[in-house]
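Notes follow the structure.
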Amino acid sequence: MKISIKYFASIREAIGQGSELRDTAATTLAGLRDELLAASPAHAASLARGRSVRMALNQVMSDEAAALSEGCEVAFFPPVTGG
């Protein structure tokens with residue numbers, strides 16, 4: 001399925017892009033995070049399981065069990081962001 005991903009603050013800086021459209025086989029935020037961890041060293045470092053990363057699904061704060069759907073928007077950001 002195709003989804004939209006947005007990266008904010010230090011995650012955006014580490015990955016080097018603010019957003020992307022991605023085809024994914026993941027059905028949950030956890031599965032998507034696992035896919036992204038394998039995508040590049042920058043993704044792995046910024047989205048690592050030991051790091052504090054917040055996630056939103058369709059602009060609603062969500063946990064990793066949240067189910068993805070075609071065309072959804074996922075956002076990743078550190079717990080504290082600046083303007």
Side-chain angles (χ1 to χ4, degrees):
M1 82 181 93
K2 283 195 184 284
I3 63 169
S4 172
I5 303 174
K6 293 186 176 184
Y7 304 104
F8 292 94
S10 60
I11 297 172
R12 177 186 63 225
E13 298 301 319
I15 292 173
Q17 63 187 32
S19 65
E20 66 176 301
L21 295 175
R22 180 177 280 271
D23 283 317
T24 182
T27 58
T28 64
L29 284 175
L32 177 62
R33 191 171 181 182
D34 289 339
E35 279 185 13
L36 293 171
L37 289 171
S40 76
H43 283 83
S46 60
L47 299 174
R49 293 284 176 201
R51 293 186 59 111
S52 183
V53 175
R54 302 291 306 246
M55 294 172 282
L57 178 60
N58 295 324
Q59 301 182 3
V60 175
M61 297 303 297
S62 302
D63 64 21
E64 290 195 340
L68 302 178
S69 60
E70 181 72 31
C72 68
E73 177 189 271
V74 175
F76 290 98
F77 49 95
V80 178
T81 63

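Note that these values count all heavy atoms, side chains included, but never hydrogens, waters or copies made by symmetry.
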Please assess Ile5 against Leu32 for the test side-chain contact (heavy atoms from CB on, under 4.5 Å), listing each intermediate value before the final yes or no. CA-CA 10 Å; Ile5 303 174; Leu32 177 62; 4.1 Å; yes
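- Residues meeting the salt bridge (Lys or Arg N to Asp or Glu O under 4.0 Å) test with Asp63, sequence neighbours left out: none.
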Begin from the C-alpha positions of Leu57 and Val74 and carry the test side-chain contact (heavy atoms from CB on, under 4.5 Å) through to its verdict. CA-CA 5 Å; Leu57 178 60; Val74 175; 3.9 Å; yes
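- More than 12 heavy atoms of other residues, nucleotides or ligands shown are found within 6.0 angstrom of CD on Glu70.
- Heavy atoms only, all atoms of each residue included: Ile3 and Ser69 are closest at CG2-O, 3.9 Å.
- Residue Phe77 comes nearest to Met61 through the heavy atom pair CZ-SD, 3.5 Å, listed as atom of the first residue, atom of the second, then distance.
- Looking at every heavy atom in both residues, Leu36 comes nearest to Leu47 through CB-CD1, 3.8 Å.
- Contacts of Glu35 classified as salt bridge (Lys or Arg N to Asp or Glu O under 4.0 Å), with partners at least two apart in sequence or in another chain: none.
- Residues Arg33 and Arg51 approach most closely at NH2-O, 3.6 Å, considering heavy atoms.
- Shown here are the side-chain hydrogen bond (donor to acceptor under 3.5 Å, both in side chains) partners of Glu73, two or more places apart in sequence or in another chain: Lys6.
- Looking at Arg54, its side chain never comes within 3.5 Å of a backbone N or O of Ser62 through a donor-acceptor pair.
- Here Arg22 pairs with Glu20 under the salt bridge (Lys or Arg N to Asp or Glu O under 4.0 Å) rule; sequence neighbours left out.
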Which atom pairs, one a donor and one an acceptor, fall under 3.5 Å between side chains of residues 8-16 and the rest of the protein, sequence neighbours left out?
none

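- In this view, Ser40 and His43 satisfy the side-chain hydrogen bond (donor to acceptor under 3.5 Å, both in side chains) rule, not counting sequence neighbours.
- Contact detail for Gly31 and Ala26: the closest heavy-atom pair is C-CB, 3.5 Å.
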